[in-house]
Participant: 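Below is one structure. I have some questions about it.
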Amino acid sequence: MNGSAAIATTVFGIAMAATILIGVWSARGRSKGLAEWSVSSRGLGVLFIWLLMAGETYTSFSFLGTAGWSYSFGAPILYLVAYLTVGFAVAYVVGPALWTYASRHGLISIADIAEFRFRSRPVGILVAVVATVFIVPYIQVQIQGMGVVVNAMTYGHVDLKVAAVISFVVAEVFILVSGLRGSAWVSVLKDMLVIVAVVFLAVYIPMHYLGGFGDFMQRMVSEKREWLTFPGHESGGRDGVWFLSTVVLNAVTITIFPTTVAGYLSAKSPNALRRNALLLPWYQLLLFVPMVVGATALFVMPTLGNPDLALFSLVTDSLPSPVVALIGVAGALSAIVPMSVFMLSIGTLWGRTVLGGGNGADPRARRRVLGKAGDASDIRTKRLSQLVCVVAGLIALAGSLFYPNTLVELSVLSYEGLAQLVPVVLLALYWRRLTARAAVAGMVAGLAVMTGLWATENDPFLGVNGGIIALAVNLVVVVVVVRLAQRAAGPWRRGVSGG
């Protein structure tokens, strides 16, 4: 191992140790119950909510995939900033509504919300299973992203698989001990490094390679104009229609993403969420930096084999090893923080709703009274949630080590799949006549359409994101089933329910 690799590896090791210490330390003096572990006892203020939810949006994809898409396609990558910004505008309304409903009834996840709303544990279990299927691939993506980042920052001396195992261990240790509060505290370190790193790269990379941002833009306009307009460079039909449909789909879906909802429910008050929704769009400005770096690589390394390495290829080529190490740590933590919240969310989904007997709302299920925070029943449910958290992480780790492409291919469908939960989780809170049968029928129809479009390679279909087509079918089925049920009930029942 040469000197540069030794320095980078040492810095990485220190950063991982600090991450575990910060995460574990944050749990001191806190309740040992499920509510503290899963949603921080609904006690996080505006700053920590902002850091936590910003940490979930700025992932390893921001360092790797954003630069890679910019290098490969150009303009289509702008969907990332667009849907996150629009999504936070939607969250200004949705977040407080979900917080109020969940806080009033002591709910801790989207499966919990669905079970209580429909008084049906099977609906809650179905939501938990569907959400898990589409979240586990995201954990694997973060693990593999961490591997790529660490391998690049150590100049190839730390193996991809070793880095994957390290990321799993670090995330599991502090999330099992501290829960969501641990992720929020680690986000403080992560976001400080990310902000410093990307602001530095925004100035340094164009200046070092192309003489400045003005020269960079001039060369883009004169030499790479195709990258600046839709559908971009060989993007596979990602034109303006795809852009708009994807922004709409993802902006709505992110508001009921299990990790996003975990952030909502950890807030002290609805006002904290409203302030957070106003502040978070500013954080997305940082996403433009990897885009610029990826586009710069077009002129510096025009034959780059793996576009996802565009950012770190320029970083390792132009900067001294201590700086490379710090940027690498920012990228590594950008994988660990969201990965920890993904695992916690799955644990929370399963711990109470699937394995813990539900929340007692279903009159047909065995009556269960939720225990008080910290009592034997509550601790048992928390332990089940932690067990599932470990199992979900192990599945994703095994996938990254032995089947690196299988689950990652499924991750492409994650937003489209989770979008089919919008009616059962969100619409149901506003439409009192929505029944469990209608919500489940719509969800199944939407998932079937989405899977069919993907399997037949018709996504996007005529330029439209397949997920939004599936969601449209989902909503049509929901409305039809509700209307048919109302007709079957007769005019007297409709009059009573309408009152």
Participant: We want to know whether S269 and N271 form a side-chain donor-acceptor pair, criterion being a heavy-atom distance below 3.5 angstrom.
Facilitator: no
Participant: Applying side chain to side chain donor-acceptor pair (under 3.5 Å), run through S60 and Q142 and close with a yes or a no.
Facilitator: CA-CA 6 Å; S60 60; Q142 298 308 318; 2.8 Å; yes
Participant: Does T246 reach the main-chain N or O of F243 with its side chain, forming a donor-acceptor pair under 3.5 Å?
Facilitator: no
Participant: Nearest 0.5 Å, please: how far is OG1 in T253 from CG in L418?
Facilitator: 7.5 Å
Participant: Kindly indicate, with the supporting measurements, whether the criterion side-chain contact (heavy atoms from CB on, under 4.5 Å) is fulfilled by L287 and S62.
Facilitator: CA-CA 7 Å; L287 289 170; S62 304; 3.5 Å; yes
Participant: Looking only at heavy atoms, what is the nearest atom pair of V186 and L333, with distance?
Facilitator: CG1-CD2, 4.4 Å
Participant: side-chain contact (heavy atoms from CB on, under 4.5 Å) between L401 and L397: does it pass, once the steps are laid out?
Facilitator: CA-CA 6 Å; L401 296 178; L397 177 63; 4.0 Å; yes
Participant: May I ask you to decide if the ring planes of F63 and Y58 are parallel, tilted or perpendicular, using 30° and 60° as cut-offs?
Facilitator: perpendicular
Participant: Closest approach of L52 and S187, non-hydrogen atoms and distance?
Facilitator: CA-OG, 3.9 Å
Participant: Who are the side-chain hydrogen bond (donor to acceptor under 3.5 Å, both in side chains) partners of S183, not counting sequence neighbours?
Facilitator: S340
Participant: May I ask you to check whether W242 and F461 place their ring centres under 6.0 Å from each other?
Facilitator: no
Participant: Work out which heavy atom in L98 is nearest to a heavy atom in L265; give both atom names and the distance.
Facilitator: O-CD2, 3.9 Å
Participant: Go through it in stages, so that I can follow the logic: the residues are V162 and V150, the test is side-chain contact (heavy atoms from CB on, under 4.5 Å), and I'd like the CA-CA distance, side-chain angles, deciding distance and then a yes or no.
Facilitator: CA-CA 9 Å; V162 172; V150 175; over 6 Å; no
Participant: To the closest 0.5 Å, what do you measure between NZ (K268) and CG (L273)?
Facilitator: 13.0 Å
Participant: With heavy-atom distances below 4.5 Å as the criterion, would you say the side chains of M53 and T57 are in contact?
Facilitator: no
Participant: Tell me whether the rings of W25 and W185 are parallel (<30°), tilted (30 to 60°) or perpendicular (>60°).
Facilitator: perpendicular
Participant: Checking D459 side chain against G466 main chain: does a donor-acceptor pair fall under 3.5 Å?
Facilitator: yes
Participant: Kindly indicate whether the side chain of D159, heavy atoms from C-beta on, has any atom under 4.5 Å from the side chain of N151.
Facilitator: no
Participant: Distance from T85 atom OG1 to F88 atom CZ, nearest 0.5 Å?
Facilitator: 7.0 Å
Participant: At their closest point, which heavy atom of V81 faces which heavy atom of Q284, and how far apart are they?
Facilitator: CG2-O, 4.0 Å
Participant: Hey, does the side chain of W99 reach the backbone of A267 with a donor-acceptor pair shorter than 3.5 angstrom?
Facilitator: yes
Participant: Looking at every non-hydrogen atom in both residues, tell me the closest pair between L447 and F134 and how far apart they are.
Facilitator: CD2-CE1, 4.0 Å
Participant: I'd like to check F12 versus I14 (side-chain heavy atoms, cut-off strictly below 4.5 Å). Are they in contact?
Facilitator: no
Participant: R117: which residues meet the side-chain hydrogen bond (donor to acceptor under 3.5 Å, both in side chains) condition with it, sequence neighbours left out?
Facilitator: none
Participant: Does L80 reach the side chain of W69, with side-chain heavy atoms less than 4.5 Å apart?
Facilitator: no
Participant: To check you understand the geometry: which heavy-atom pair defines the closest contact between A396 and I139, and what is its length?
Facilitator: CB-CG2, 3.5 Å
Participant: Parallel, tilted or perpendicular: which describes the rings of H105 and Y101, with under 30° parallel and over 60° perpendicular?
Facilitator: perpendicular
Participant: Would a distance-only check, ignoring hydrogens and angles, find a side-chain to backbone donor-acceptor pair under 3.5 Å from N359 to D112?
Facilitator: yes
Participant: Atom CZ in F257, atom CG in L421: separation rounded to 0.5 Å?
Facilitator: 10.0 Å
Participant: Would you say the side-chain atoms of N474 pair up with the backbone N or O of Q420, donor to acceptor, closer than 3.5 Å?
Facilitator: yes
Participant: Would the distance check show the side chain of T381 and the main-chain N or O of G351 forming a donor-acceptor pair, the cut-off being under 3.5 Å?
Facilitator: no
Participant: Return the set of residues passing side-chain hydrogen bond (donor to acceptor under 3.5 Å, both in side chains) with T132 (not counting sequence neighbours), or none when no residue passes.
Facilitator: W350
Participant: With a 4.5 Å heavy-atom cut-off, do V478 and W431 have their side chains touching?
Facilitator: yes
Participant: Hey, could you give me the CD1/CG distance between I143 and L160, rounded to the nearest 0.5 Å?
Facilitator: 13.0 Å
Participant: Would you find more than 12 non-hydrogen atoms of other residues, nucleotides or ligands less than 6.0 Å from R119 atom CZ?
Facilitator: yes
Participant: Under the 3.5 angstrom rule, does the side chain of Q140 hit a backbone N or O of V136 as a donor-acceptor pair?
Facilitator: no
Participant: Would you say R181 and W37 make side-chain contact, with heavy atoms under 4.5 Å?
Facilitator: no
Participant: Under 3.5 Å, is there a donor-acceptor pair between the Y283 and D191 side chains?
Facilitator: yes
Participant: Would you call the rings of Y415 and Y138 parallel, tilted or perpendicular, where under 30° means parallel and over 60° means perpendicular?
Facilitator: perpendicular
Participant: Kindly say whether L47 contributes a backbone atom to a donor-acceptor pair with the side chain of R275 at under 3.5 angstrom?
Facilitator: no
Participant: Evaluate the side-chain proximity of R352 to S109: yes if any heavy-atom separation is below 4.5 Å, no if none is.
Facilitator: no
Participant: Could you tell me whether the side chain of L471 reaches within less than 4.5 Å of the side chain of P423, counting heavy atoms only?
Facilitator: yes
Participant: Please walk me through it: do R42 and I108 pass side-chain contact (heavy atoms from CB on, under 4.5 Å)?
Facilitator: CA-CA 10 Å; R42 307 185 204 277; I108 58 173; 4.1 Å; yes
Participant: How long is the gap from CG on L344 to OG1 on T259, to the nearest 0.5 Å?
Facilitator: 10.0 Å
